[in-house]
Amino acid sequence: MSDSIIPDISCSTCRALCCRLEVQLIDDSDDQVPEEFTTLAEGTYTVMKQGLDGYCDALDRKTMLCTIYQRRPFICREYQEGDYDCMIEREKL
Ligand code: SF4
Ligand code: SF4
């Protein structure tokens with residue numbers, strides 16, 4: 001993730017809350033996510049697989065870091081710490 005737009009909000013203190021959201025892969029993006037981490041939702045669109053704990057399968061549960069950071073989906077690359085969606089997830093804490 002990129003630098004936070006709100007100084008006190010940091011991924012390093014959050015334990016990857018946004019990595020429990022459904023992450024859809026976008027057909028015409030340059031996503032190059034390893035197939036083992038993806039699945040078809042409702043038989044129609046591709047998403048990141050999630051474990052029983054709700055977290056994305058590509059998340060290392062010990063470090064809480066993305067194991068495919070350089071190849072993470074477009075949606076993950078666009079998600080910015082401190083923005084509206086991030087704040088909504090943190091509010092749920
Ligand atoms: S919810 Fe926000 S602060 Fe937490 S990991 Fe995601 S982008 Fe970072
Ligand atoms: S691909 Fe990486 S950044 Fe995106 S939800 Fe999964 S673990 Fe998080």
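As the structure lists them, so they are numbered: ligands from 1, and atoms in each ligand from 1.
- Near Pro73, the atoms of ligand 2 lying under 4.0 angstrom from a non-hydrogen atom of the residue are 1 (S).
- Remark: Arg20 does not engage Asp53 in a salt bridge, criterion side-chain N to carboxylate O under 4.0 Å.
- Of the heavy atoms in Arg90, only side-chain atoms (C-beta onward) come closer than 4.0 Å to ligand 1.
- Scanning both residues, Pro73 and Val23, for their nearest heavy atoms gives CG-CG1, 3.8 Å.
- Using a 4.0 Å cut-off to heavy atoms of Glu81, the atoms of ligand 1 that qualify are 7 (S), 8 (Fe).
- The local environment of CD in Gln32 is sparse, with at most 12 non-hydrogen atoms from other residues, nucleotides or ligands closer than 6.0 Å.
- Residue contact check: Cys76 has heavy atoms under 4.0 Å from atoms 1 (S), 3 (S), 4 (Fe), 5 (S) of ligand 2.
- Residues Lys49 and Thr38 are not in side-chain contact: their nearest non-hydrogen atoms beyond the backbone lie 4.5 Å or more apart.
- At least one N/O/S atom of Cys14, whether from backbone or side chain, sits less than 2.8 Å from atom 4 (Fe) of ligand 1.
- By the 6.0 Å and 45° rule, Arg77 does not stack over the aromatic ring of Phe74.
- In summary, Cys18 places no N/O/S atom under 2.8 Å from atom 2 (Fe) of ligand 1, failing the contact criterion.
- The distance from the CD1 atom of Ile26 to the CD1 atom of Ile75 is 4.5 Å, given to the nearest 0.5 Å.
- Under 4.0 Å from ligand 2, not a single heavy atom of Ala16 appears.
- Counting only residues at least two apart or on different chains, the salt bridge (charged side-chain N to carboxylate O under 4.0 Å, His left out) pairs with a member in residues 84-93 are Glu89-Lys92.
- The atoms of ligand 1 that sit less than 4.0 Å from any heavy atom of Tyr79 are 7 (S).
- Under 2.8 Å from atom 2 (Fe) of ligand 2 lies an N/O/S atom of Cys66, whether from backbone or side chain.
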